[in-house]
Trainee: 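Can you read through this structure? Questions will come right after.
Side chains included, hydrogens not; waters and symmetry mates left out as well; all remaining heavy atoms used. The shown structure was predicted, so the numbers you read here are calculated from the model rather than taken from an experiment.
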Amino acid sequence: MKFNTIMPKGLKEHYDNELRFYHLSLLNGNLSQAWHHLERSHIIGQSYPFEHTYSHWLMLKFGFRKKNVKEVLGQVVRLLVGGWKSFIDHVPTGNTGGSDVPPLKKMELPQDLSLILNQYKPI
C-alpha cells in the first residue's frame with residue numbers, strides 16, 4: 001500500500017498557483033472564478049492529506065462566505081474523512097470536492113490537469 005505524505009515539488013507549484021488564482025479572484029469579487037480555482041486545487045491536491053484538507057478548509061470558509069448551508073455541512077464531513085483517504089491514496093480521481101458532488105464519485109479530469117497529474121504519477 002502506498003502512503004502519500006508529501007506532494008512532489010513540481011505538482012505543489014501547480015497546486016499553489018490555483019490557490020493564488022483563487023485568492024486573486026476572491027479579491028476581485030469574482031466568486032464563480034474563485035470557486036473554479038478551489039475545485040482545481042482540490043483535484044490537484046486530493047492525493048495528499050495536507051493539501052486535500054486545506055482545499056476543503058477553504059471550501060468550508062467559502063461556503064460560510066456565500067451563506068450556503070449545504071456547502072458548509074458538506075465540507076465539514078469532507079474535512080473529517082478526506083485526509084485519511086488521501087493518506088492511503090484512495091481518492092476518486094477528478095472529484096471537484098464541492099458538496100454538489102458525491103464525495104466518492106470519480107469525474108473526468110480537465111485535459112490540462114490530466115497532463116499535469118500524469119507527469120507526477122508514481123512509477
Trainee: Taking the side chain from N95 and the backbone from K105, do they hold a donor-acceptor pair closer than 3.5 Å?
Mentor: yes
Trainee: A quick test of your reading: do over 12 heavy atoms of other residues, nucleotides or ligands sit less than 6.0 Å from NE2 of H90?
Mentor: no
Trainee: Does a side chain donor of either S32 or N30 reach within less than 3.5 Å of an acceptor in the other side chain?
Mentor: yes
Trainee: First locate atom CG of L58, then atom OG1 of T53, and finally report the distance between them rounded to the nearest 0.5 Å.
Mentor: 11.0 Å
Trainee: Can you find a heavy atom in the side chain of Y15 that is under 4.5 Å from one in the side chain of Y54?
Mentor: yes
Trainee: Mark yes or no for whether E71, through its side chain, and S99, through its backbone, hold a donor-acceptor pair below 3.5 Å.
Mentor: yes
Trainee: Can V101 be reached from L79 by stepping across I, L, V, M, F, W or Y side chains whose heavy atoms are under 4.5 Å apart?
Mentor: no
Trainee: For a 4.5 angstrom cut-off between non-hydrogen side-chain atoms, does M107 reach T96?
Mentor: yes
Trainee: Would you mind reporting whether T93 and L117 have side-chain heavy atoms less than 4.5 Å apart?
Mentor: no
Trainee: More than 12 non-hydrogen atoms from neighbouring residues, nucleotides or ligands closer than 6.0 Å to CD1 on I6, yes or no?
Mentor: no
Trainee: Enter the distance from L19:CG to L26:CG here, rounded to the nearest 0.5 Å.
Mentor: 11.5 Å
Trainee: Of all the heavy-atom pairs spanning M7 and I44, show the shortest one and how long it is.
Mentor: CE-O, 3.8 Å
Trainee: Do the non-hydrogen side-chain atoms of Y48 and L11 ever get within less than 4.5 Å of each other?
Mentor: yes
Trainee: Would you kindly confirm whether F62 and V69 end up in one hydrophobic cluster when ILVMFWY residues are joined by side chain heavy atoms under 4.5 Å apart?
Mentor: no
Trainee: Taking a hydrophobic cluster as the set of Ile, Leu, Val, Met, Phe, Trp and Tyr residues connected by side-chain heavy atoms closer than 4.5 Å, whether directly or through intermediates, do V72 and L38 fall within one such cluster?
Mentor: yes
Trainee: Supply the atom-to-atom distance H14 NE2 to L113 CG, rounded to the nearest 0.5 angstrom.
Mentor: 9.0 Å
Trainee: Would you mind listing the cluster partners of L27? Hydrophobic ones only (ILVMFWY), side-chain contacts under 4.5 Å, chaining allowed.
Mentor: none
Trainee: Can you confirm whether N28 sits close enough to Q33 that some side-chain heavy atom of one is under 4.5 Å from a side-chain heavy atom of the other?
Mentor: no
Trainee: Locate the shortest heavy-atom distance separating G10 from Y120; write the atom from each residue and the value.
Mentor: CA-OH, 3.2 Å
Trainee: Just one of H42, H36, R40 clears the side chain to side chain donor-acceptor pair (under 3.5 Å) bar with E18, so which one?
Mentor: R40
Trainee: Any donor and acceptor pair, going by atom type alone, linking the side chain of S86 with main-chain N or O of Q46 inside 3.5 Å?
Mentor: yes
Trainee: Verify the cluster assignment for L109 and F21: are they in a single hydrophobic cluster under the rule of side-chain heavy atoms below 4.5 Å apart?
Mentor: no
Trainee: As a quick check of understanding, evaluate side chain to side chain contact (heavy atoms under 4.5 Å, CB included) for R78 and Q75, giving each step before the final call.
Mentor: CA-CA 5 Å; R78 285 159 176 81; Q75 292 307 323; 3.9 Å; yes
Trainee: Minimum heavy-atom separation for P103 to P92, with atom names?
Mentor: O-CG, 3.2 Å
Trainee: Evaluate K12 against D16 for salt bridge (Lys or Arg N to Asp or Glu O under 4.0 Å), listing each step before the verdict.
Mentor: CA-CA 6 Å; K12 180 85 163 102; D16 289 342; 3.0 Å; yes
Trainee: Is there a donor in the side chain of S41 and an acceptor in the side chain of S55, or the other way round, less than 3.5 Å apart?
Mentor: yes
Trainee: Using side chain to side chain contact (heavy atoms under 4.5 Å, CB included), reason through V91 and L104 one step at a time and then give a plain yes or no.
Mentor: CA-CA 7 Å; V91 294; L104 301 177; over 6 Å; no
Trainee: With rounding to the nearest 0.5 angstrom, report the CD1 to CD distance, I116 to Q119.
Mentor: 7.0 Å
Trainee: Answer yes if M59 and W57 sit in the same cluster of Ile, Leu, Val, Met, Phe, Trp and Tyr residues linked by side chain heavy atoms under 4.5 Å apart, and no otherwise.
Mentor: yes
Trainee: Tell me if a side-chain donor or acceptor on R65 pairs with a main-chain N or O of K61 at a distance below 3.5 Å.
Mentor: no
Trainee: Below 6.0 angstrom between ring centroids: does that apply to H37 and Y22?
Mentor: no
